[in-house]
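Counting starts at 1 for both ligands and their atoms, in listed order. For reference, positions follow the sequence shown, starting with 1.
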Amino acid sequence: MGPMKAVKVRLYVEHPLGAGQSVPLSRAQAHYLFGVMRLGVGDAVAVFNGQDGAWRAEIVEAGKKAGVLQCVSASAPQRDPPDLWLMFAPIKKARTDFIVEKAAEMGAARIVPVQTAFTNAERIRRDRLQAHAVEATEQCGGTFVPEVAEIARLDRMLDAWPDGRHLMFCDEMLAGAAQGLPKLPGPWAILIGPEGGFSEAERARLRGMGHAVSLGPRILRADTAAVAALTLWQTTLGDWGSA
Ligand code: SAM
């Protein structure tokens, strides 16, 4: 065997990974690796599938529309994020894409678009948002891809709220108040509202069910608020402190 080649590409695959395991490529993946990235037989890529950690793999077959990788050695263990959902009311397309991308990078375990009283969004394409989450995970070196759920009505989600899951209700009415995040262990969900904020009825219900939290003295746009809330949660309760 010659010297190890540098790995230029990280690829998410929907296939089991393990020593010696062959991984067939989809047409789109073959096009990306061989057509766009100009890789060929013998080149190395990093692969992960959301369950089996990251693996160094070698290209063993390269065609125009197909190809095969072979796993060589494990390069990183599987690392799952804390049990944190990011719930947000979708906004304009580019900003919704941004929220999904950042949630994947910041370590949300599940991303849930919610329809609130004042949600005013273009139609949501779940598959497209899921592809953004995959791409963000490929870029950031993660091994876990958060699931993007179908859009759900907030009131129905609250009706069926899971026992024991704490709710971090980011309440714009608390801008400037000293209302921090309580250090309670267990599963959590963050909730970010739409451009129009929450209705009075939603606020009353959410304050009764969750922990209303301030994100500082300024009113943040929803995409900024999502990143700020994830930062606050990860530093207070999440995985930023652990290696
Ligand atoms: N239209 C609302 C208003 O003028 O009060 C602003 C809504 S804000 C653009 C969108 C969402 O970000 C809010 O519903 C809330 O979840 C979150 N947010 C923004 N700034 C916040 C703050 N300072 N504290 C808590 N949540 C905030």
Starting from atom 24 (N) of ligand 1, find the nearest protein heavy-atom neighbour and note its residue, name and distance.
Leu215 N, 2.8 Å
Using a plain distance cutoff, I'd like to know if Gly193 has any nitrogen or oxygen under 3.5 Å from a nitrogen or oxygen of ligand 1.
yes
Taking only heavy atoms of Arg218 into account, list the atoms of ligand 1 that are under 4.0 Å away from them.
20 (N), 22 (C), 23 (N)
Just heavy atoms, cut-off under 4.0 Å: does Ala225 contact ligand 1 by side chain, backbone, both, or neither?
side chain
Could you check whether atom 8 (S) of ligand 1 has a protein contact, counting only heavy atoms that fall below 4.0 angstrom?
yes
Got the closest protein heavy atom to atom 1 (N) of ligand 1, with its distance?
Glu195 O, 2.7 Å
Smallest separation among heavy atoms of Ile151 and Pro90, with atom names
CD1-CG, 3.7 Å
Checking Arg165 against Trp85: charged group under 6.0 Å from the ring centre and within 45 degrees of the axis?
yes
Looking at Ile219, which atoms of ligand 1 are within less than 4.0 Å of one of its heavy atoms?
5 (O), 6 (C), 20 (N)
Numbered atoms of ligand 1 (with element) below 4.0 Å of Leu220, judged on heavy atoms
8 (S), 9 (C), 10 (C), 12 (O), 19 (C), 20 (N)
Phe34 to Gly63 - nearest heavy-atom pair and separation:
CD1-O, 3.2 Å
Heavy-atom side-chain contact between Gln70 and Ile59 under 4.5 Å:
no
If I apply the N/O under 3.5 Å rule, does Arg221 come out as touching ligand 1?
no
Which atoms from ligand 1 have a heavy atom of Gly216 less than 4.0 Å away?
23 (N)
Nitrogen or oxygen atoms of Glu172 and ligand 1 under 3.5 Å apart:
yes
Can you hop from Met157 to Leu129 via hydrophobic side chains spaced under 4.5 Å?
no
Verify the cluster assignment for Phe144 and Ile111: are they in a single hydrophobic cluster under the rule of side-chain heavy atoms below 4.5 Å apart?
no
Using non-hydrogen atoms of the residue, decide whether Ile192 is closer than 4.0 angstrom to ligand 1.
yes
Show which atoms of ligand 1 fall inside a sub-4.0 Å distance from at least one heavy-atom site of Gly196.
1 (N)
Check for me, please, whether Val114 and Val148 land in the same ILVMFWY cluster - side-chain distances under 4.5 Å, paths through other members count.
no
Relative to the heavy atoms of Phe198, which atoms of ligand 1 are at a distance of less than 4.0 Å?
14 (O), 16 (O)
Are the side chains of Leu181 and Trp233 in contact, using a 4.5 Å heavy-atom criterion?
yes
Mark up the atoms of ligand 1 that fall under 4.0 Å of a heavy atom belonging to Ala175, in ascending order.
23 (N)
Determine whether the side chain, the backbone, both or neither of Thr224 has a heavy atom under 4.0 Å from any heavy atom of ligand 1.
neither
Shortest non-hydrogen pair, Val7 vs Ala46, comes out as CG1-N, 3.3 Å
Heavy-atom side-chain contact between Val145 and Phe48 under 4.5 Å:
yes
Mind checking whether Asp171 contacts ligand 1 via backbone (N, CA, C, O), side chain (CB onward), both or neither, at a 4.0 Å heavy-atom cut-off?
backbone
Shortest protein heavy-atom distance from atom 16 (O) of ligand 1, along with the residue and atom involved:
Cys170 O, 2.6 Å
Examine the proximity of ligand 1 to Pro194 and report which part, side chain or backbone, both or neither, has a heavy atom under 4.0 Å away.
backbone
Applying a strict under-4.5 Å side-chain criterion to I, L, V, M, F, W and Y, I'd like to know whether Ile99 and Val213 cluster together.
yes
Can you tell me how far the CG atom of Leu33 sits from the CE atom of Met37, to the nearest 0.5 Å?
8.5 Å
So if I count the atoms of ligand 1 from 1 in the order they appear, which ones are less than 4.0 Å from some heavy atom of Gly197?
1 (N), 7 (C), 14 (O)
